[in-house]
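Structure record follows, encoded as structure tokens.
Please read all numbers here as calculations on a predicted model, not as lab measurements.
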Amino acid sequence: MAEVLDVALRLLVIVIAFLTLPLIIGQTEHKAMAHMQSRLGPMYAGGFHGWAQLIADGVKFAQKEDVIPRAADRRVFSIAPAVALVPYLVVMIVIPVGPGLFGADLDTGLFFVLAVMGVGVLGSIMAGWSSANKYSVLGGIRSAAQLMSYELPLVLAASSVAMAAGTLSLPGIVEAWQWWWLPWQAIGAVVFFVAGLAELRRPPFDMPIAESEIIMGPMTEYTGIRFALFMLAEYVGIVVLSALTTVLFLGGWHGPLLPGPVWTLIKIFALAFVVIWVRVSFPRLRADQLQKLAWIGLVPLALFQLALTGVVRVLLAG
């Protein structure tokens, strides 16, 4: 009975984090972009500093009509938002926040996370194909192309830190982490973070969405709650990417003075702010620029980091 209660409590905490952290980051993005771009709208809803903007957005989505195009594949169209969202909930189960504070510790936790994150991109591909809209299909094809290009550097960078730690367990990687890994694994950290942004289709890698070219890409035909689920998936993806970067490259709960879970959350929110900052600062990449960055930039850097890790491991073992 005690084990069942322990599992239920862990799952409850994960679900609460799944529902609250993305909303906090969404609200932060409203405010940060309002300051950085002098956008006055999000600063007024509800009075003080626009505190009710997120509530206003939620009410707006809830009131909108749920429309499915006549020519759409209704079944695939309906489940695509769930396919885009649910994998991130599954990933959060194995991400450690502190010593012993995780849903499950898998021996192959890192590969499990990378595999499940890849499933989330299928939601965009399904949405584009099922919408019976040429712009949506084009957005889905672009999503598939980005997934194939950036999955390789993402996996290579993650493999480097797993090699350094000697384990695929996420808590095991954090426990093995040392402060001098920061410069040693810095290249892998940058590659992992940039490739993760591309898989989330966040600016400047938002070519599959490109509202100025193809409306909203795979989400063109979505309205109301279904569209809101895609938006929620994007912000949950930011939480997951920031958490994984924290666990793999920034030492997770390691830090002075403050409790371990507090350090984990500080690092997650700092990286989430970087994601927002990048969105405001950089223009969208063209298709050729996006592919060159992956194959000519990130893949060689990830291979170099992997080789460097192997050399250092051999020297330390000797």
Validation row: [X], [Y] side chains within 4.5 angstrom (heavy atoms):
X	Y	answer
Leu258	Ile266	yes
Leu285	Leu293	yes
Phe102	Val94	no
Val113	Leu170	yes
Val278	Pro204	yes
Val90	Phe112	yes
Phe193	Val275	yes
Leu101	Pro96	no

Which atoms form the tightest heavy-atom contact between [X] and [Y], and what is the distance?
X	Y	result
Gly123	Val83	N-CG1, 3.7 Å
Ala144	Ile125	CB-CD1, 3.8 Å
Leu168	Ala162	CD2-CB, 3.7 Å
Gly251	Val174	O-CG1, 3.5 Å
Ser149	Trp295	OG-NE1, 3.4 Å
Ala272	Ser242	N-OG, 3.5 Å

Are more than 12 heavy atoms from other residues, nucleotides or ligands located less than 6.0 Å from atom [atom1] of [X]?
X	atom1	result
Phe304	CZ	no
Asp107	CG	no
Lys292	NZ	no
Trp180	CH2	yes

Interatomic distance, [X] atom [atom1] to [Y] atom [atom2] [nearest 0.5 angstrom]:
X	Y	atom1	atom2	value
Asn133	Met219	CG	CE	12.5 Å
Leu110	Leu244	CG	CG	8.0 Å
Ile25	Ile276	CD1	CD1	7.0 Å
Thr246	Phe269	OG1	CZ	11.0 Å
Leu23	Tyr235	CG	OH	10.0 Å
Met126	Ile79	CE	CD1	3.5 Å

Is [X] linked to [Y] within one hydrophobic cluster, defined over Ile, Leu, Val, Met, Phe, Trp and Tyr using a side-chain heavy-atom separation of less than 4.5 Å?
X	Y	result
Val191	Ile173	yes
Leu114	Val240	yes
Leu241	Val91	yes
Val67	Trp129	no
Leu290	Leu154	yes

Can you classify the ring geometry of Phe77 versus Tyr222 as parallel (below 30°), tilted (30 to 60°) or perpendicular (above 60°)?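 Taking Tyr222 first and then Phe77, their aromatic rings lie parallel (interplane angle under 30°).
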
Can you say whether the rings of Trp184 and Trp181 are parallel (under 30°), tilted (30 to 60°) or perpendicular (over 60°)?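 Perpendicular: the ring planes of Trp184 and Trp181 meet at over 60°.
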
Ignoring hydrogens and angles, tell me if any N or O in the side chain of [X] forms a donor-acceptor pair with the backbone of [Y] under 3.5 Å.
X	Y	result
Arg202	Leu197	no
Arg226	Pro81	no
Ser130	Ala72	no
Lys64	Ile225	no
Gln146	Ala198	yes

Would you say the side chains of [X] and [Y] form a donor-acceptor pair under 3.5 Å?
X	Y	answer
Ser136	Glu221	no
Asp105	Ser169	yes
Thr309	Gln185	yes

With side chain to side chain contact (heavy atoms under 4.5 Å, CB included) as the criterion, how do Phe230 and Glu234 come out once you've worked through the C-alpha distance, each side chain's angles and the decisive distance to 0.1 Å? CA-CA 6 Å; Phe230 276 112; Glu234 178 179 338; over 6 Å; no

Strictly under 6.0 Å, is that where the ring centroids of Phe205 and Tyr150 end up?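 Phe205 vs Tyr150: aromatic centres under 6.0 Å.
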
For the residue pair His254 and Trp263, is the inter-centroid distance of their aromatic rings smaller than 6.0 Å?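 That pair fails the under 6.0 Å test.
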
Walk me through it: do Leu85 and Leu89 pass the test side chain to side chain contact (heavy atoms under 4.5 Å, CB included)? CA-CA 7 Å; Leu85 179 61; Leu89 172 61; over 6 Å; no

Short N-O contact, Asp206 and Arg201, less than 4.0 angstrom: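 So Asp206 does not pair with Arg201 through a salt bridge.
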
Evaluate side chain to side chain contact (heavy atoms under 4.5 Å, CB included) for Val161 paired with Gln305, printing each intermediate quantity in order. CA-CA 9 Å; Val161 74; Gln305 177 67 77; over 6 Å; no

Dump the intermediate steps for side chain to side chain contact (heavy atoms under 4.5 Å, CB included) on Ser143 and Leu147, then the final yes or no. CA-CA 6 Å; Ser143 295; Leu147 171 65; over 6 Å; no

